[in-house]
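Chain naming here is simple, since letters A, B, ... match the order of the sequence lines and numbering starts at 1 in each.
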Protein chains: 2
Amino acid sequence: MALQARPLRADAVRNRDSLLAAAKQVFGERGLDAPLEEIARRAGVSIGTLYNHFPTREAFFDAILPERLAALELIAEAAMADPDPWTGFTGFLEGLFALQAEDQSLNDALARRLSLSEEVRASCHRGFELAARVIERAKESGALRADFGVQDLPLLVSAMSQVIRESADAAPQAWRRCLSFFLDGLHR
Amino acid sequence: MALQARPLRADAVRNRDSLLAAAKQVFGERGLDAPLEEIARRAGVSIGTLYNHFPTREAFFDAILPERLAALELIAEAAMADPDPWTGFTGFLEGLFALQAEDQSLNDALARRLSLSEEVRASCHRGFELAARVIERAKESGALRADFGVQDLPLLVSAMSQVIRESADAAPQAWRRCLSFFLDGLHR
DNA sequence: CAAGAAATTGAGGTGACCCTCAACTTCTAA
DNA sequence: TTAGAAGTTGAGGGTCACCTCAATTTCTTG
């Protein structure tokens, strides 16, 4: 989009990179509501500099989340590559939730995508588009119940996001059990 | 327990009642993290008076939640009264989540019961004990898969709590669809 | 109707986080 | 090398919610 009229100064580039790295870490650990001051601290930069580079929390999201959300597309493609439509489908969900489990920022982003920027929403949407194909294929094969649709995915994501969040410390694998209940309910 | 040495003054009784009523309302609408100032405001009482009667947020919880959570026991008993163990079981879950859907304070309480007081935890526990019997009966009848247990209930509650919370405004019945997927996964 | 006990009040201190901006430092390009 | 543009800094002001306590009001009892 708006390409830099003047290139950034060398120290500014360094700071921007540190901020992005710190933001990925902090949001990944503590979710999208993590305090921005923690990011500045971890980047070794003052809070003023943080605001200079990223005037809003959403600016961070736009800079970080689309790239991360692209992983969704890889997972969906891998699912389509699976010769068995059903294991492709289950593999997709496992991949999706494993992603959410290992990065709180993705977990939050997918769960409350509605309240995020146009740009981030578009990234989620792209992933869900591909998911739609995985779902359609599984339905056509008869392995996935006919009344399940993409529109149900957000429901699943929302439900699982909470299980992942709550059990992250005590039982980081608990979401797998929960998912297996769901999958058994979806299988034909 | 500790019964009042001196009875409360008439105005104090009135204020205490207003506070409890306001707290039920406010927590019910906005969840257990609602600002206490809102409760004082709605009770028509100063913040100081609120703290005089309920020195901590937990004091409110102890005064409100056990009574509300007793509804769980009724629901479980109704489930046991159902001649069909499976519909008893599904009825129990529907009742439970309907309860969570109509009262955010219960939704929160059940989802994060671990971080609440001994007393509230005990109330949840009592409900879950009865649930265990509903679950056992359904398993023995062969209608509920054998590898499901009470220990899985918190998982379900946690998952559903989020769906309920998120869809409360936009699609207040969405949780029913989510539940039906689960139930199909649990049915034999 | 006192007088004293009980209860209420709300301004104000604390803390977490947000965000701004005037003064200062660092970089760059001539 | 140096002037001026670019970037950085962090104290400080704003918000919101928590919680306290000295001063004040209201109730109760003899």
**Study point:** chain B contact limits on DNA chain C, taken 5' to 3' with a cut-off of 4.0 angstrom to heavy atoms
**Key:**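 Contact boundaries, 5' end first: C:dA5 to C:dA11.
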Check your understanding: Who passes ring-ring contact (aromatic ring centres under 6.0 Å, His included) against B:F128, sequence neighbours left out?
Key ->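 With sequence neighbours excluded, B:F128 shows a ring-ring contact (aromatic ring centres under 6.0 Å, His included) to no residue whatsoever.
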Exercise for review: Start with the C-alpha distance between B:R145 and A:D184, add both sets of side-chain angles, then the distance that settles side-chain contact (heavy atoms from CB on, under 4.5 Å), and finish with yes or no.
Suggested key: CA-CA 11 Å; B:R145 57 194 276 175; A:D184 287 352; 2.5 Å; yes
Flag the pair [X] and [Y] as a salt bridge only when some basic side-chain nitrogen lies within less than 4.0 angstrom of an acidic carboxylate oxygen.
X      : Y      : answer
B:E140 : B:R137 : no
B:R121 : B:E118 : yes
A:R41  : A:E38  : yes

Let me know the distance between [atom1] of [X] and [atom2] of [N], rounded to the nearest Å.
X     : N      : atom1 : atom2 : result
B:N15 : D:dT26 : CG    : C1'   : 11 Å
B:N52 : D:dC18 : CG    : C1'   : 17 Å
A:I47 : D:dG12 : CD1   : C1'   : 14 Å
B:E58 : D:dC18 : CD    : P     : 11 Å

Check your understanding: Under a 4.5 Å cut-off applied to non-hydrogen side-chain atoms, are B:S46 and B:T49 in contact?
Key ->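 B:S46 reaches B:T49 side chain to side chain.
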Point to revise | Heavy-atom side-chain proximity of B:L36 to B:F60 below 4.5 angstrom | key: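 Heavy-atom side-chain distance check passes, below 4.5 Å.
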Practice item. Classify the side-chain pair A:D62/A:S117 by whether it contains a donor and acceptor separated by less than 3.5 Å. Key: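 Yes - a donor-acceptor pair under 3.5 Å links their side chains.
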Practice item. Look at the aromatic rings of A:W175 and A:F97 and report parallel, tilted or perpendicular, splitting at 30° and 60°. Key: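 Rings of A:W175 and A:F97: perpendicular, as their planes differ by over 60°.
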Point to revise | Bend angle of the helix from C:dC1-D:dG30 to C:dA30-D:dT1, end axes from five pairs each (to 10°) | key: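 So the angle between the two local helix axes works out to 10°.
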Check your understanding: Do you know the tightest heavy-atom contact between B:A111 and B:R165?
Key ->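 So the minimum-distance heavy-atom pair works out to CB-NH2, 4.1 Å.
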Practice item. Under the side chain to side chain donor-acceptor pair (under 3.5 Å) rule, collect the residues that match up with A:Q173, sequence neighbours excluded. Key: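 With sequence neighbours excluded, A:Q173 shows a side chain to side chain donor-acceptor pair (under 3.5 Å) to A:R176, given in chain and number order.
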**Study point:** Residue-level proximity of residues 20-45 of chain B to DNA chain D when a heavy atom falls under 4.0 Å
**Key:**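 Going residue by residue through residues 20-45 of chain B, the ones with a heavy atom under 4.0 Å of DNA chain D turn out to be B:P35, B:L36, B:E37.
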Check your understanding: Contact class for A:R57 vs. all strands (heavy atom < 4.0 Å): base, sugar-phosphate, or nothing?
Key ->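 A:R57: backbone/sugar contact only, no base atoms under 4.0 Å.
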Exercise for review: Could you walk me through whether A:R112 and A:L32 pass the side-chain contact (heavy atoms from CB on, under 4.5 Å) test, one step at a time?
Suggested key: CA-CA 10 Å; A:R112 2 161 173 148; A:L32 296 182; 4.2 Å; yes
What does the list of N/O pairs under 3.5 Å between the protein and nucleotides 2-6 of chain D look like, with a distance for each?
{"unit_1": "D:dA6", "atom_1": "N3", "unit_2": "A:R9", "atom_2": "NH1", "d": "2.4"}

Exercise for review: Would you mind telling me which of D:dC19, D:dC27, D:dG10 lies closest to the side-chain atoms of A:S46?
Suggested key: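 Closest of the options to the side chain of A:S46: D:dG10.
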Review point. Picking from D:dT28, D:dT8, D:dC19, which would you name as closest to the side chain of B:Y51?
Key: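 The answer is D:dC19, which lies nearest to the side chain.
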**Study point:** Contact nearer the 5' end of DNA chain D, comparing B:R14 with A:G48
**Key:**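 Here A:G48 is the residue nearer the 5' end.
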Check your understanding: Could you go step by step and tell me if B:K139 and B:E136 meet the salt bridge (Lys or Arg N to Asp or Glu O under 4.0 Å) rule?
Key -> CA-CA 5 Å; B:K139 272 161 76 170; B:E136 281 314 312; 3.8 Å; yes
